[in-house]
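Below is one structure, written out as structure tokens; the observations come after it.
The analysis underlying the following values was restricted to heavy atoms, covering all of them including side chains, and did not include hydrogens, waters or symmetry mates.
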Amino acid sequence: MLHRITIAQPRSDHKVWIEYADGEAGEVDFGPIIARGGLFDTLRDPALFEKVRIGEHGRYIEFPGDVDFCADALRERLSHAPRSADATSR
């Protein structure tokens, strides 16, 4: 199934709140991904990390520097943390 992201809101500690068109929602912790280094090193910068946005048709999220993550793969990493009161659509 192809999943579509409708909300991607950066949070502290390199986490992103993600909501899908079907109502599934939760947090993805990018800390372990960033720890791998290489291409992901750029995401250590909080100012850059906060520039996350939803890609074309909601099929991925992307960060400046051509770093993107597939909606389907992210869904498998969701942690069902409570939604932040300030989570807004991007």
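- For the pair F49 and V67, the minimum side-chain heavy-atom distance is 4.5 Å or more.
- A side-chain hydrogen bond (donor to acceptor under 3.5 Å, both in side chains) check over residues 60-69, counting only residues at least two apart or in different chains, returns the pairs R53-E62.
- Note that CD of E50 is 9.5 Å distant from NE2 of H14, once rounded to the nearest 0.5 Å.
- Annotation: side-chain hydrogen bond (donor to acceptor under 3.5 Å, both in side chains) contacts of D22 (sequence neighbours excluded): R75.
- For residues 31-43, the set of pairs meeting the side-chain hydrogen bond (donor to acceptor under 3.5 Å, both in side chains) definition, not counting sequence neighbours, comprises D41-R44.
- Residues passing the side chain to side chain contact (heavy atoms under 4.5 Å, CB included) test with P64, sequence neighbours excluded: L48, K51.
- When all heavy atoms of V52 and A8 are compared, the closest pair comes out as CG1-O, 4.2 Å.
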Subject >> Check against side chain to side chain contact (heavy atoms under 4.5 Å, CB included), Y20 and L74 >> reply: CA-CA 11 Å; Y20 289 85; L74 288 172; 3.6 Å; yes
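- Residues forming a side chain to side chain contact (heavy atoms under 4.5 Å, CB included) with D72 (at least two apart in sequence, or on another chain): L2, H3, R59, C70.
- Side-chain contact between F69 and V28 is absent, with no heavy-atom pair separated by less than 4.5 Å.
- Across K15 and E27, no two heavy atoms sit closer than the pair CD-OE1, 3.4 Å.
- The minimum heavy-atom distance between A71 and G58, with the atom names listed, is CB-O, 3.7 Å.
- Legend: residues meeting salt bridge (charged side-chain N to carboxylate O under 4.0 Å, His left out) with D29, ordered by chain and number and at least two apart, are absent.
- Considering every non-hydrogen atom in both V16 and F30, the closest pair reads CG2-CE1, 3.6 Å.
- Rounding to the nearest 0.5 Å gives a distance of 11.5 Å between CD1 of I61 and CD of Q9.
- Rounding to the nearest 0.5 Å gives a distance of 6.5 Å between CD1 of I5 and CD1 of I54.
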